[in-house]
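Each remark here refers to the structure printed beneath this line.
Throughout, a chain's letter reflects where its sequence line sits, starting with A, and its residues are numbered from 1. This one's a predicted model, so the numbers in the text were calculated from it and none came from an experiment.
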Amino acid sequence: MSQENLTTENILQRLPAPLLDWYRANARDLPWRRTRDPYRIWVSEIMLQQTRVAAVLGYYARFLTAFPTVEALAAAPEERLMKLWEGLGYYSRARNLQKTARIVAEQGGRFPDTYAGLLKLPGIGDYTAGAIASAAFGQREAAVDGNVLRVVMRLTDCHDDIADPKVKKAVRAQVQAVMPETAEDIRVFNQATMELGATVCAPNGPPRCLECPARDFCLGRLRGTAEDLPVKGAKKPRRVEERTVFLLLRQGQVALRKRPKTGLLAGLWEFPNAEGTLDEAAASAVVESWGLTPKQWESRLTAKHIFTHVEWHMTGYTLEVAGDGPADFVWAGAEELGERAVPSAFARYSEEAKRRLGGWKED
DNA sequence: AACACGTGGAT
DNA sequence: TATCCAAGTGT
């Protein structure tokens with residue numbers, strides 16, 4: 001077929017046959033591909049949202065050991081749930097996971113087996129509903145994630161902005177139209193399209209077109225545009241926030257407090273901190289405003305943490321204090337600190353706190 | 001529609 | 001060091 005005769009429709013129509021063959025020979029062996037249990041597939045899909053496979057694997061195994069069933073997850077204490085999610089990011093995923101677990105447990109532990117039914121559940125959007133409906137139930141539903149978007153835009157040499165919801169919707173319709181018909185081929189097709197995007201038609205750098213089962217009819221490759229696709233709108237610059245973090249030590253304990261229920265790192269534990277980069281005098285005033293008496297200033301520790309949309313520049317003070325502080329302060333020993341979910345943003349301070357508490361002995 | 005929402009690996 | 005951005009969803 002000449003390049004001029006390749007249209008979006010017939011390019012995508014040519015995809016399934018070679019893609020399925022390629023996948024059957026080249027698929028990675030991933031734990032969630034070894035099951036059709038909707039619970040296990042669902043947990044994997046939530047963890048994989050905006051998160052790399054390599055980062056998920058360990059969390060996935062630990063999570064399923066802790067919560068082998070949807071009922072166990074529904075009944076989990078918040079602290080245990082968040083501790084298991086600690087470091088994985090996007091923590092509302094874990095809270096929505098439990099909300100959905102409770103809904104499903106109320107229905108006798110049965111997940112909805114349709115795209116529309118799944119879509120109603122908290123944390124399950126367009127992509128995830130399609131992924132679960134197909135992988136767990138063999139339903140003929142497209143699952144269009146970032147991988148699929150990239151594959152389709154390159155195959156069809158389409159320069160539309162993939163951040164535009166209209167473009168995503170159109171791609172979903174195009175993919176839906178060429179999906180195979182049997183349950184087994186449907187499962188493989190969705191997995192295979194994502195696998196191709198993750199391993200061959202990959203982001204960051206040139207695609208490995210020589211290994212691609214679609215190389216003969218990929219318009220992006222034939223026209224040399226593949227590496228520049230997909231087109232994505234410019235992202236907003238991050239704002240910078242200055243914080244002063246306090247490692248308040250008191251007889252083998254360190255002060256922690258719970259973050260607000262909404263917003264960044266909602267409901268996770270943090271070391272008390274204040275806005276701004278404070279010098280020792282200003283920091284001392286903050287400590288006293290908490291009703292604490294600074295006894296000995298020990299060290300200063302700076303750290304930077306970059307989130308997607310904000311950047312924290314932190315200055316930390318470690319100090320021995322006397323007093324209890326505000327009512328929402330919790331004084332944690334080494335063991336208790338290890339049981340609380342403290343986000344990676346505070347990693348340098350968590351490490352320092354563990355060092356200080358680890359060697360501490362009563363008397 | 002546009003923005004909030006984490007983290008860490010790759011380049 | 002800087003930038004990208006990943007198996008997206010909720011508001």
Of A:Tyr90 and A:Lys166, whose nearest nucleotide on DNA chain B comes first from the 5' end?
->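 This one resolves to A:Lys166.
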Residue met sooner reading DNA chain B from 5', once A:Phe307 and A:Arg239 are mapped to nucleotides =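 That would be A:Arg239.
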Determine the minimum heavy-atom distance between A:Leu229 and A:Asp157, stating which atoms define it.
-> CD1-OD1, 3.6 Å
Check A:Pro203 against A:Gly197 and note the closest heavy-atom contact, atom names and distance.
->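 That closest heavy-atom pairing would be CD-O, 3.9 Å.
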Over all strands shown, is [X] touching base, sugar-phosphate only, or nothing at heavy-atom distances under 4.0 angstrom?
X	answer
A:Ile41	nothing
A:Thr128	sugar-phosphate
A:Thr51	base
A:Gly146	sugar-phosphate
A:Ala143	nothing
A:Val56	nothing
A:Trp32	base
A:Gly197	nothing
A:Leu265	sugar-phosphate
A:Asp126	sugar-phosphate

Would you indicate which nucleotide in [options] comes nearest to any side-chain atom of [X]?
X	options	answer
A:Ala345	B:dT7, C:dG8, C:dC4	B:dT7
A:Asn147	C:dA7, B:dA4, C:dC5	C:dA7
A:Arg52	C:dG8, B:dG8, B:dA1	B:dG8

Using whole Å, report how far [atom1] of [X] lies from [atom2] of [N].
X	N	atom1	atom2	answer
A:Tyr127	C:dA7	OH	P	9 Å
A:His309	C:dC5	NE2	P	18 Å
A:Asn96	C:dT9	CG	P	11 Å
A:Leu149	C:dA6	CG	C1'	13 Å
A:Arg95	C:dG8	CZ	C1'	19 Å
A:Met194	C:dC5	CE	P	20 Å
A:Arg28	C:dA6	CZ	C1'	12 Å
A:Gln50	B:dT7	CD	P	14 Å

Please examine the side chains of A:Met153 and A:Asp160, heavy atoms only from C-beta on, and report whether any two atoms are closer than 4.5 Å.
->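 With C-beta onward as the side chain, the pair touches.
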Report yes if some heavy atom in the side chain of A:Met314 is under 4.5 Å from a heavy atom in the side chain of A:His305; otherwise report no.
->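 Heavy-atom side-chain distance check passes, below 4.5 Å.
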Please tell me if [X] has a side-chain N or O lying less than 4.0 Å from either OP1 or OP2 of [N].
X	N	result
A:Asn204	C:dC4	no
A:Lys236	B:dA2	no
A:His305	B:dT7	yes
A:Ser344	B:dG8	yes
A:Lys232	C:dA6	yes

Position toward the 5' end of DNA chain C (nearest nucleotide), A:Ile124 or A:Arg150 |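 Nearest nucleotide further toward 5': that of A:Arg150.
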Whole-angstrom distance between [N] and [M], as gauged at atom [atom1]:
N	M	atom1	value
B:dG6	C:dA6	C1'	12 Å
B:dA1	C:dG10	C1'	13 Å
B:dG8	C:dT9	P	22 Å

Is the charged tip of A:Arg259 near the ring of A:Phe346: under 6.0 Å from the six-membered ring centre and within 45° of its axis?
->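 The answer is no; the distance or angle limit is not met.
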Can A:Arg221 and A:Glu211 be counted as an ion pair, charged N to O under 4.0 angstrom?
-> no
Side-chain donor or acceptor of A:Thr308 under 3.5 Å from a matching atom on the base of B:dG6?
-> yes
Side-chain donor-acceptor pair present, A:Gln49, A:Arg93, cut-off under 3.5 Å = no
